[in-house]
Amino acid sequence: MKFSFVSDLEAHLRDAFGTDDLTVPAELCPPNFAGDVTINCFLLAKPLRRNPMQIAEQVAAYLAKHPDVQQAEAIKAFVNVTVAGGAVMRDTVADEAALLGAVTLPEADQRKVLIEFSAPNTNKPQHLGHVRNNTTGMAIASLLERVGNTVSRINLVNDRGVHICKSMIAYQRFGKGITPESVGKKGDHVVGDFYVRYDQEFRKQLSALKEAKPELAEKSSDELFLETEIGRATQDMLLAWEKGDPEVRALWETMNGWVFAGFAETYRRMGVEFVHTYLESQTYMLGKDIIEEGLAKGVFYKRPDGATVIDFEDPTLGSKVVLRSDGTSVYITQDLGTTLLKQHDYQPDQQIWVVGDEQIYHFRVLFAILKALGYDWADNLVHMAYGMVNLPTGKMKSREGTVVDADDLFDELDNLAREATLERAGADVPEDLDERARVIGMGALKFMLLKVNPKTTMMFDPQASLRFEGDTGPYVLYAYARISSMLRRAGDAALAGEVDWSVLGAKEEKSLALRCAQYPEIMHKAAANLDASLVTGYLLDLAKDFSKFYQACPVLAAETPALVRARLELAARVRTLLGDGLRALTIGTLESM
RNA sequence: GCUCCGGUAGCUCAGUUGGAUAGAGCGACGGCCUCCUAAGCCGUAGGUCGUGGGUUCAAUUCCCGCCCGGGGCGCCA
């Protein structure tokens, strides 16, 4: 927020104290104090080397005489300033293009960013955890784009490995040749069902094994995996896959095809899009050459047991194996390879991974290795770690069937939004009911997930999530729709000609305009911190300020045409910002609700 | 054991370079539709900011100890 009176005050103070380069911080005045804007003089005490109370007195005395200022009151070290309505409007919302334009960063600060998110496995459908990832990834990507960066969204699908073999084995044994079409089910769910079926069979064999050999009772299921018949069969299938066995490959292609078709549908409903999807089946062999290179450079060394390792200087990183003693890759080897591949393919200034916080250590190691290998861009790699989603009943566990399925959740929210819409519509069933239900349901879900700070482990209460009142996406959508409705009623002619902003000055009008003025800085901060919750919080504040204004100040029925015009114009600004902000979070809007 | 994240109202969460009397939503209670969409607005109740020290004019915020909860520390991914 930049006000003329603040600039004048800065010039005055620089002059009076002989200081260069002084910036005066102007904040919104807290609601329990009288004023619009507050100057915190504690922050001026150091640069001016004066007692903050004295500065406050001086600031208040200067501002009291300023033409834009109606009242300036010093309380302790704070100066609460009541600004003339016209001046507030002139310095905040009058120039819409300038307000929106300020969101775009200067060219020198714009970056080319590559963001990877979603990264699902092809053995089961997506659940609420993936939904948080997808929503966060899309929101961060479009937020970064909105402030002027060039963003490439990519996915890296884990389409090979033991997990998919499990589903394949179960399908071979229990599938009876069904297809998604024959059972009328999404392909990812069909494959996921076999993954669950596999686990049942494995458990069965495991308990039989433990019964036969009581000495194994204490062993973990991982340790006993190859002791079971189905475990060995799975291992054999994995090896056959790696050798390119035609039959195994054909089944793999078929089942992955089902999963991808299912994912496409889930992504479509969420509005998730990627410029490219890397497949692990095509990249898993990458990375070994980098190990060779690092070995030659002395970054890695071969341990007596044959494993290739790196010892970090940082004791919290310790030591990490990068190649097994048999020469095969580990997880991090592949990740080194794909990181280089992505760097080569896109030449980004920065790579971002949206991956759960349980992998924080993994990424620290990954980045440290790349740094040790001498890649200067390794300093710009970012793991955007986000927290898990828990349910009131506890953690989500696929095997225990306690996951909230993404598609089911979408359906449920869609239905509730439809009911809520019909309930409010009365006899007039809207023609675009489907569209409304979709936007409201998905908007409610995304907004709720984005509202909490990404790094916090969040609690998802399915019951509470189905409500559309209070601090929710629909609340914001509702404010948007009401303004749209007002503008429709007013007609285009109502927005023609000059606006006399000086007719505004009610506290609700000023608060609203001041809130609008915060938009660019909020967007910058959210983008810089990769934190979409700053935007949701802001949009709620803006929508609340609008609702208060709307309650207190009649717009279309205002006393004079000039007042109608100015209030309508102010409301239009709010609508523009709400739409812009929601779009930056990949949440759609509605013209009527 | 080492390490990372968290502990704020009954519940879910804000509070980010240390600043005024710690906020919101839900839930509870009480008001507001002859008036631009009540998915709304207004009010009441609800807090030793986990705990004990320290730094500071000023600490929910920074530092240290402790308690509680969660994650991570593999030749798994």
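Each chain gets a letter, A, B and so on, in the order its sequence line appears, and its residues count up from 1. Excluded from the calculations below are hydrogen atoms, water molecules and symmetry mates; all remaining heavy atoms, backbone and side chain alike, are included.
- Side chain to side chain, D222(A) and S220(A) fail the donor-acceptor criterion of an N or O pair below 3.5 Å.
- Within 4.0 Å of M458(A), counting heavy atoms only, lie sugar-phosphate atoms of the nucleic acid but no base atom.
- Ion pair R575(A)/E591(A) flagged as a salt bridge, since at least one NZ, NE, NH1 or NH2 atom sits closer than 4.0 Å to an Asp/Glu carboxylate oxygen.
- Across G18(B) and C62(B), the matching P atoms stand 8 Å from one another, rounded to whole Å.
- Under the Watson-Crick and G-U wobble criteria, each requiring two contacts below 3.5 Å, nucleotide G30(B) is paired to C42(B).
- Inspection of the T316(A) and R364(A) side chains reveals an N or O donor paired with an N or O acceptor under 3.5 Å.
- Within residues 23-42 of chain A, the residues approaching RNA chain B are P30(A), N32(A), F33(A), T38(A), N40(A), F42(A), by heavy-atom distance under 4.0 Å.
- Within the nucleic acid shown, R489(A) comes within 4.0 Å of sugar-phosphate atoms alone, with no base atom in reach, counting heavy atoms only.
- Residue R467(A) has its side chain nearest to C26(B) when only C5(B), C26(B), C13(B) are considered.
- Pair assignment for G23(B): C13(B), on the basis of Watson-Crick or G-U wobble contacts that are both within less than 3.5 Å.
- No contact: R488(A) has no heavy atom under 4.0 Å from any strand.
- Residues from residues 521-533 of chain A lying near RNA chain B, meaning a heavy-atom separation below 4.0 Å, are N529(A), D531(A) in numerical order.
- At a cut-off of 3.5 Å, with distance as the only test, a side-chain donor of T38(A) or N80(A) sits close to an acceptor on the other residue.
- For the pair V79(A) and S329(A), both in contact range of RNA chain B, the more 5′-proximal nearest nucleotide belongs to V79(A).
- Residue contacts shown for N80(A) include a base, since a base heavy atom lies under 4.0 Å away.
- If you take NZ of K507(A) and P of C42(B), they are 9 Å apart, rounded to a whole angstrom.
- Using a 4.0 Å heavy-atom distance criterion, V330(A) is classed as a sugar-phosphate-only contact.
- Residue-level contact check: M593(A) touches the bases, meaning some heavy atom is under 4.0 Å from a base atom.
- When the side-chain nitrogen and oxygen atoms of T456(A) are compared with OP1 and OP2 of A14(B), one or more of them lie within a distance under 4.0 Å.
- Taking a pair to require two hydrogen-bonding distances under 3.5 Å in either a Watson-Crick or a G-U wobble arrangement, G6(B) pairs with C68(B).
- Donor-acceptor pairing under 3.5 Å is lacking for the side chains of R132(A) and T136(A).
- Here the side chains of Q359(A) and Y331(A) are in contact, with some heavy-atom distance below 4.5 Å.
- Using cut-offs of 30° and 60° for the angle between ring planes, the F225(A) and Y198(A) rings count as tilted.
- Comparing atom distances between the P474(A) side chain and each of A39(B), G72(B), A20(B) picks out A39(B) as nearest.
- Distance I360(A) CD1 to C5(B) C1': 7 Å, rounded to the nearest Å.
- With a cut-off of 3.5 Å on both Watson-Crick or G-U wobble distances, the partner of C62(B) is given as G54(B).
- Between E569(A) and R573(A), at least one side-chain nitrogen of the basic residue sits less than 4.0 Å from a carboxylate oxygen of the acidic one, meeting the salt-bridge criterion.
- Nucleotide A24(B) holds its P atom 19 Å from the OH atom of Y538(A), rounded to whole Å.
- The side chain of N158(A) lies closest to A77(B), out of A77(B), A39(B), A14(B).
- For the pair M459(A) CE and G7(B) P, the computed distance is 14 Å after rounding to whole Å.
- Taking syn as a glycosidic angle within 90° of 0, C73(B) does not qualify and is anti.
- Separation of atoms CD (E280(A)) and CG (L286(A)) is listed at 10.5 Å; rounding is to 0.5 Å.
- Among the atoms of the strands shown, base atoms are found under 4.0 Å from some heavy atom of I440(A).
- Along RNA chain B, the nucleotide closest to A557(A) and the one closest to P454(A) are compared, and the more 5′ of them pairs with P454(A).
- Residue K46(A) places none of its side-chain N or O atoms closer than 4.0 Å to OP1 or OP2 of G18(B).
- Of all the heavy atoms in C165(A) and M237(A), the pair that sits closest is O-SD, 3.8 Å.
- The residue T328(A) sits apart from the nucleic acid: no heavy atom pair falls under 4.0 Å.
- A close approach under 4.0 Å does not occur between any side-chain nitrogen or oxygen of R324(A) and OP1 or OP2 of G74(B).
- Of the candidates A14(B), A20(B), C36(B), C36(B) carries the atom nearest the P554(A) side chain, counting heavy atoms from C-beta on.
- For A45(A) against I55(A), the heavy-atom pair with the smallest separation is CA-CD1, 3.7 Å.
- Put simply, the side chain of H383(A) gets close to the backbone of V355(A): a donor and an acceptor are under 3.5 Å apart.
- Nearest to the side-chain atoms of Y361(A) among the listed nucleotides A77(B), G40(B), C73(B) stands C73(B).
- As judged by a 4.0 angstrom heavy-atom cut-off over every strand, K451(A) is placed among residues making no nucleic acid contact.
- Base-pair partner of U48(B): not found among the strands shown (Watson-Crick or G-U wobble, both distances under 3.5 Å).
- Comparing U3(B), G40(B), C75(B) by their closest approach to the side chain of T316(A) singles out U3(B).
- For the pair R160(A) and Y284(A), the cation sits on the ring face: its NZ or CZ lies under 6.0 Å from the ring centre, inside 45° of the axis.
- Of the residues in residues 478-485 of chain A, those placing a heavy atom less than 4.0 Å from an atom of RNA chain B are Y478(A), A481(A), R482(A), S485(A), in numerical order.
- Look at D541(A) and R515(A) and you find a salt bridge, because one of the NZ, NE, NH1 or NH2 atoms lies within 4.0 Å of a carboxylate O, short of that distance.
- In summary, E521(A) and K525(A) do not engage in a salt bridge, as defined by a charged side-chain N under 4.0 Å from a carboxylate O.
- Residue S547(A) places no side-chain atom within donor-acceptor reach of the base of C41(B), judged by atom type and a 3.5 Å distance cut-off alone.
- The side chain of V321(A) approaches C75(B) more closely than any other nucleotide in the set A24(B), A77(B), C75(B).
- Residue-level contact check: K395(A) touches the backbone only, with heavy atoms under 4.0 Å from sugar-phosphate atoms and none from bases.
- A donor N or O paired with an acceptor N or O is found under 3.5 Å between the base of C75(B) and the side-chain atoms of D305(A).
- Of the candidate nucleotides A24(B), A39(B), C75(B), A24(B) has the atom lying nearest to any side-chain atom of K544(A).
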